[in-house]
Q: 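Dumping the structure here so I can ask a few things about it.
All heavy atoms count here, side chains included; hydrogens, waters and symmetry mates do not. We name chains A, B, ... by the order of the sequence lines, and we start the count at 1 in each one.
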There are 2 protein chains.
Amino acid sequence: MRARASRAPLFQIDMIKKAMAPKFERIAPDERRARLIEASITCLAKGGIQGFTVDNICHEAGTSRGLITHHFGSKNALLAAIYASIYGKVLENVARSEMTPQSIDELVEMIFRDSFLSREYLNVWLALWGEIAVNPALQVEHRKNYALYREHIARAISAFARGKGVKVDSYDVATILISLVDGLWLEQCIDQSLLSLDRAKDLCRRTLSAVLMGST
Amino acid sequence: MRARASRAPLFQIDMIKKAMAPKFERIAPDERRARLIEASITCLAKGGIQGFTVDNICHEAGTSRGLITHHFGSKNALLAAIYASIYGKVLENVARSEMTPQSIDELVEMIFRDSFLSREYLNVWLALWGEIAVNPALQVEHRKNYALYREHIARAISAFARGKGVKVDSYDVATILISLVDGLWLEQCIDQSLLSLDRAKDLCRRTLSAVLMGST
DNA sequence: CTCACTGTTGAACGGTTGTATAGTAAAACG
DNA sequence: CGTTTTACTATACAACCGTTCAACAGTGAG
């Protein structure tokens, strides 16, 4: 028997290696949380809030079903963490511009370059909006985040509006721009044949310059 | 025994009446479908797509659980019927204006008077958008409906733009206006403290007049 | 190497999901 | 008034939901 074992074919060795390999990876809680959030976003993108199930998420993340409760407490808490993660990156994007955009073109380009303004994230945003509107804790956080976001846009508008000698309420214009971008993006996501990304950008630029010029 | 029965107290008569009353109402299929659609919209508004369950809907409509399958075939078919019902009313609203709006104010007022642009319908729209983006049959129908909607808005814009002697691509302006309204409405729904309805209307009017004036 | 810590697993739970179906009864018809 | 039609109810079903929890095992400390 012992001799036979020593002549074991290679595939048996592979099987033994596989059997002896660790059954799971043990990583730092923060890293695991990040992976679960990433997997959740993938699930949300694929199936909307209906695809946002413990089974789906853990399968996507390659873990067992118990981990969500262990690391987040509940599925709802996970959704809140997803919101924080996504909005954090959105704010990063507008804050990252070391220099404030110097022209309308640059500003529009900055807003649209956001990676979360991609069609695959439509379902993610729909789910988040629905949750924010209902969840008071998220609503408070959203209010702060939105204010920060608009602050950045308004500052850029105010900067190059002053440069051109026009006088506008930069917060009003920022609100218009943000809403217009959201609306255009939404329609473009729902049916891409209605509107291309380039045309959406073009409409933004034209609207923005009209609003800035029209009010001397 | 017979004598005893003739002296039955009044509450017993009530109980007999109640027991003899029809156990359910038998109405025309179209009417029943309309009621189920109405109940579904209520459920969607209350709990989003998560509240859109057979149990919820039938309880809201006061029927048993079998009726959705019987009248619509499946729950998804019901959602499609809901879309058709809502978008039909939206189109009615813009078509109802016998006279095309003669000013920017009138146009903005016409768009915002739509009963479905109420905050309680946020969850309904979020659910519908998510479904349209995923369901090919709905997407085809939506493309036609959106085209009709934009056609109405564009015609109005073109009419009083010509009256003022300015020359614009009325479809571009209509797209801008619709997107802006959608975006402003969305932000206002998500957090009402950020934006009031009156301010949203005001921003619309100012944007629209700027776009129309700026291009001679 | 051994031990303790804790990240991770996986089964089990009560409850809910959408749909199919057999049977009931309301209402129209002759 | 009896008959027929079919809108409607009510149960059953398998699949799936989020959460709990006891046991397991990877990993670093000693």
Q: Run through Ile37(B), Val124(B), Leu128(B), Leu78(B) and flag the one making a side chain to side chain contact (heavy atoms under 4.5 Å, CB included) with Tyr83(B).
A: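 The side chain to side chain contact (heavy atoms under 4.5 Å, CB included) with Tyr83(B) is passed solely by Leu128(B) among Ile37(B), Val124(B), Leu128(B), Leu78(B).
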Q: Tell me whether the count of non-hydrogen atoms from other residues, nucleotides or ligands lying under 6.0 Å of CD in Glu38(B) goes above 12.
A: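 Counting other residues, nucleotides and ligands, CD of Glu38(B) stays at 12 neighbours or fewer.
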Q: Evaluate the criterion side chain to side chain contact (heavy atoms under 4.5 Å, CB included) for residue pair Ile178(B) and Ile111(B); output intermediate values, then yes/no.
A: CA-CA 9 Å; Ile178(B) 295 171; Ile111(B) 296 180; 5.6 Å; no
Q: Can you list, by residue number, the residues of residues 67-80 of chain A that have a non-hydrogen atom closer than 4.0 angstrom to DNA chain D?
A: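 The stretch gives Thr69(A), Ser74(A), Lys75(A) as the residues lying under 4.0 Å from the strand, ordered by number.
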Q: Tell me whether the side-chain N/O atoms of Arg32(A) come closer than 4.0 Å to OP1 or OP2 in dG7(C).
A: no
Q: Rounded to whole angstroms, how far apart are CZ on Phe24(A) and P on dG26(D)?
A: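 Going from Phe24(A) (CZ) to dG26(D) (P), I get 6 Å.
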Q: Is the closest side-chain donor-acceptor distance between Asp198(B) and Ser196(B) under 3.5 Å?
A: no
Q: Flag the pair Lys89(B) and Asp114(B) as a salt bridge only when some basic side-chain nitrogen lies within less than 4.0 angstrom of an acidic carboxylate oxygen.
A: no
Q: Is there a residue in residues 47-66 of chain B whose heavy atoms reach under 4.0 Å of DNA chain C, and which residues are they?
A: Phe52(B), Thr53(B), Val54(B), Asp55(B), Arg65(B)
Q: Starting at atom NZ of Lys23(B), determine the distance to atom P of dG23(C), rounded to an integer number of angstrom.
A: 16 Å
Q: Could you walk me through whether Phe112(B) and Cys204(B) satisfy the side chain to side chain contact (heavy atoms under 4.5 Å, CB included) test, starting with their C-alpha distance in whole Å, then the side-chain angles of each, then the deciding distance to 0.1 Å, before giving a yes or no?
A: CA-CA 10 Å; Phe112(B) 271 97; Cys204(B) 267; 3.8 Å; yes
Q: Can you confirm whether more than 12 heavy atoms, excluding those of Lys46(B), are under 6.0 Å from its NZ atom?
A: no
Q: From the list dA27(C), dT9(D), dT8(C), which nucleotide is the closest neighbour of the side chain of Arg26(B)?
A: dA27(C)
Q: May I ask you to decide whether Arg113(A) forms a salt bridge with Glu109(A), counting only side-chain N to carboxylate O separations under 4.0 Å?
A: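 Here Arg113(A) does not pair with Glu109(A) in a salt bridge, since their nearest N and O are not under 4.0 Å apart.
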